[in-house]
Amino acid sequence: MVKDKKLKPELASGFIDRKGNELILKDRLIEIIKRNFQLFGFEPLETPGFEISENIGKFLPDEDRPMSGVFGFKDDKDWISLRYDLTAPLARYVGANFNDLSKPFKRYQVGTVWRNEKPGPGRFREFTQVDADVVGTKNILADAEVAILLADTLVKCGLSKSDFIIRVNNRKCLTGILEGLKIKNEKQIINTIRAIDKKDRLGDEGVKSLLGKGRKDESGDFTKGVGLDPKQIKEIINYINTDIEFFREAPDASYDGISKLYDEGIKELTNFFNNTRVSEFRDQIVYSSSLVRGIEYYTGTIFEAELLFKVKNKKGLDIEFGSVGGGGRYDNLVSRFFKNDAPATGISIGLDRLLVAMQQKENNNVENIGPVVICVFEKNQFLASPGKDYDITAPYYKILSMLRSAGIKSEIYSGDGSIKAQMKYADKRNSPAAILYGENEAKLGIVTIKNLKAGKEASTKIQNREDWRKNENIQETVKLEDLVNEIKKLL
RNA sequence: GCAGCAGUAGCUCAGUUGGUUAGAGCACUAGUUUGUGGAACUAGGGGUCGGUGGUUCGAAUCCACCCUGCUGUACCA
C-alpha cells in the first residue's frame, strides 16, 4: 500500500492555540475588565474585524511601505484589512455617528487585532486588546480618568499596587525640548522619539549612538542614527534622565521657557497630576521624562503601565516583557473623518500579555476540573438493553440529570474504551470522580463512586500494584438517592 | 528587511575521523489485570535524518544552493 502524504498540523508563525486553564483565566479577566469599564461609565462597542484599508491605514509608520504590517486583500470593490488596533476603527465609528453620540463619548471595546509583523517570544500576530476611550473633549480630566481606570483595572485583575507603575509624560514636553534645541525636521523628531523609546533596552549609551551616527548590535548589524550633534544629544540625554523626581509634587523649573510648546505640556501635566494625586493611585501614576511611546499619532498626555516583577518564559528565564497597557491623547485622529474637532484620549490593555503575567501570580492558578464521568459497561448496551432482567440504560440518564440539575459538571462516557480506558480518560480530564454502574449495582439499586482526586493523592505513596488494588477506601458504594450529596463532598 | 546560529520520531535530544538494518527518554496503543486511573514489566505503531543537487564504493555526517525555525536588530499605528 502506498502511504498518503500527510499534512503537517502546523500553525502559521505567530499564531497559537489556547486551551484549558489559560482560556478560563482569560475569560475571567475579560469579565472583570468589562465590568470595571462599565463601572467607570463606559459603554460597549463592537466593530468588525475587517475595515476598509484606507480608513485605518493613514497612520502607517512608513508612507513608502503602505499596507505592510496588516493582513489585507482586495474584495470586489475595496482593499480591506484586518484591524491592527481598536483605535482606528473607533475613529471611523465616531466619524460616521458623531451627531448621534453623547459628547464626550465614552466607549470600551474588547477585540482581537492582527498584525503582520515578525513574531517573537510573547509577541503574536493575533492578540486581544481591550480599549477604553473618551472622545470629544480636550479636558485633561479625561486623561486622568483613563489613567486611573487603567490602574484600577489592573488591581481588580489581581495585581497589587506594588506590582506596577504607570509612567506618564506629555508629547508636548519632549517635542518642546527638541524645538528648543532647534530640531524641527519631522523625520528627525519621530526618529529621536523612537530612539528614546529604546532607553529601557539599550541604555543611555545605546540611545546616544542612535541619536548620533548609529549603532551596531550584537550580531554586527548596523542601525543608522538620527545624526544630531553632540551638544543636542547631551541635552536630550540629560532631559530623559531627570525622570520621576523632576515632578514629584510640582514641575522642576529648569526647562521653563525653552519653548512655548514645552510650557504648554508642563501645564497639562500639572493639571493631570492635580487629578491623579488625589486619587487612590497617587503613588502608582508617576511622571517619567523618558517615556515617549513609539506611536506617531499621540499629541499630548501619554502613559504606559509597567510591571515591577520579573516575568519568566516557559523555560524559566526572565524575559523582556514590555508594557501591559498604555495610552494617551490623540487629538487629530478622529478629525480625519470629520470637519469638527474631535479630540480623544484613551487606554489600551494588551490582554494576552497581562494573561501571561497573571498566570505567574500565585493567587491566579485556576484548576481546570473535568466532569464527573459515568462509566459505560456494555458496548452497544443502548441497543442491547431490552429483554434483560435489569435496566442499565435508563439509570445512566437518571444519574446524569441528577448531577447536572445539581450544577455538577458531568457526562456519560462517549468513547469506545474498556472500563480501564474510561478510568484513564477520567484521569486525564482531571475529573473528581468516576461513577460505576454495572450489572452488580443495577441489581442492588446502588452506585459505586470512585474518588479520583483522593486516588491521585494516594498514588504518590503507592509503590506496587498490590498496594494499589488494596487501597479501596478511594471507592465507595452509595444508594442512588444519596449520590448527589456524596459527589458534592468530593468537590 | 539585515545579521548570527540551528534543523534527526508527536515532543526533548544522542548519533564517534563518512562505514551494516538510524537510536534513547517522554508521549501513544495493547497485554500482565475477562469491572477499575498511578508505578513496574513486556510487546507494538510511528522517520523522505528540512529540500534539491553534488563529492564518494558508501552521506544523517562533507560541499553548494534553497526552505524553515530560533536569537539579535529594524519596524511595531
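Convention: sequence-line order gives letters A, B, ...; per-chain numbering from 1.
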### Message
Counting distance alone, no hydrogens or angles: does the base of G37(B) have a donor or acceptor under 3.5 Å from a partner atom on the side chain of Lys450(A)?
### Response
yes
### Ring-on-base stacking A77(B) with Tyr84(A) (under 5.5 Å, under 30°)
yes
### Task
Return the nearest nucleotide to the side chain of Thr448(A); candidates are G35(B), U73(B), C75(B).
G35(B)
### Task
Taking atom C1' in both C49(B) and G44(B), compute the distance separating them and give it to the nearest angstrom.
23 Å
## Note on the structure
Picking from G35(B), G37(B), A74(B), the nucleotide nearest the side-chain atoms of Asp427(A) would be G37(B)
### Task
Only stems of 3 or more consecutive Watson-Crick or G-U pairs count here, both distances under 3.5 Å; name the ones for RNA chain B, or none.
B:1-7 with B:67-73, B:10-13 with B:23-26, B:28-32 with B:40-44, B:50-54 with B:62-66
### Query
Can Lys106(A) and Glu145(A) be counted as an ion pair, charged N to O under 4.0 angstrom?
yes
### Val70(A) side chain, from C-beta outward: closest of C75(B), U73(B), A77(B)
A77(B)
### Query
Say you draw a straight line from CD of Glu54(A) to OG of Ser81(A); how long is it, rounded to the nearest 0.5 Å?
11.0 Å
### Task
Rounded off to whole Å, could you give me the OH-to-P distance for the Tyr298(A) and A77(B) pair?
8 Å
### Query
Between CZ of Phe303(A) and CG of Leu150(A), what distance do you get to the nearest 0.5 Å?
7.0 Å
### Task
Output all residues satisfying side-chain hydrogen bond (donor to acceptor under 3.5 Å, both in side chains) with Glu457(A), sequence neighbours left out; order by chain, then residue number.
none
### Query
In a check of side-chain hydrogen bond (donor to acceptor under 3.5 Å, both in side chains) between Asp143(A) and each of Thr345(A), Thr137(A), Asn170(A), which one passes?
Thr345(A)
### Task
Pick base, sugar-phosphate or nothing for Asn430(A), based on heavy-atom distances below 4.0 Å to the nucleic acid.
nothing
### Query
If you measure from the C1' atom in G47(B) to the same atom in A22(B), how many Å do you get, rounded?
9 Å
### Message
Regarding Glu441(A) and Thr448(A), do their side chains bring together a donor and an acceptor under 3.5 Å, going by distance alone?
### Response
yes
Identify all pairs in which a protein N or O lies below 3.5 Å from an N or O of nucleotides 26-29 of chain B, and state each distance.
residue, atom, partner, partner atom, Å
C28(B), OP1, Lys428(A), NZ, 3.4

#### Entry: Rounded interatomic separation in angstrom, taking CD from Gln422(A) and C1' from U36(B)
10 Å
### Message
Between the base of U36(B) and the side chain of Gln475(A), is one N or O donor paired with an acceptor at under 3.5 angstrom?
### Response
yes
### Message
Output the rounded distance in Å from CZ (Phe124(A)) to P (C76(B)).
### Response
21 Å
### Message
I'd like the P distance from C66(B) over to A27(B), given in whole Å.
### Response
41 Å
### Message
Quiz question: going by heavy-atom distance under 3.5 Å, is there a donor-acceptor pair between the base of U36(B) and the side chain of Lys420(A)?
### Response
no
### Task
Return the nearest nucleotide to the side chain of Leu202(A); candidates are C75(B), G38(B), U73(B).
U73(B)
### Message
Can you identify which nucleotide, out of C75(B), G37(B), C76(B), has its nearest atom closest to the Lys198(A) side chain?
### Response
C75(B)
### Message
Quiz question: going by heavy-atom distance under 3.5 Å, is there a donor-acceptor pair between the base of G35(B) and the side chain of Asn440(A)?
### Response
yes
### Task
Give Glu441(A) one of three labels, base, sugar-phosphate or nothing, depending on what nucleic acid heavy atoms sit under 4.0 Å from its own.
base
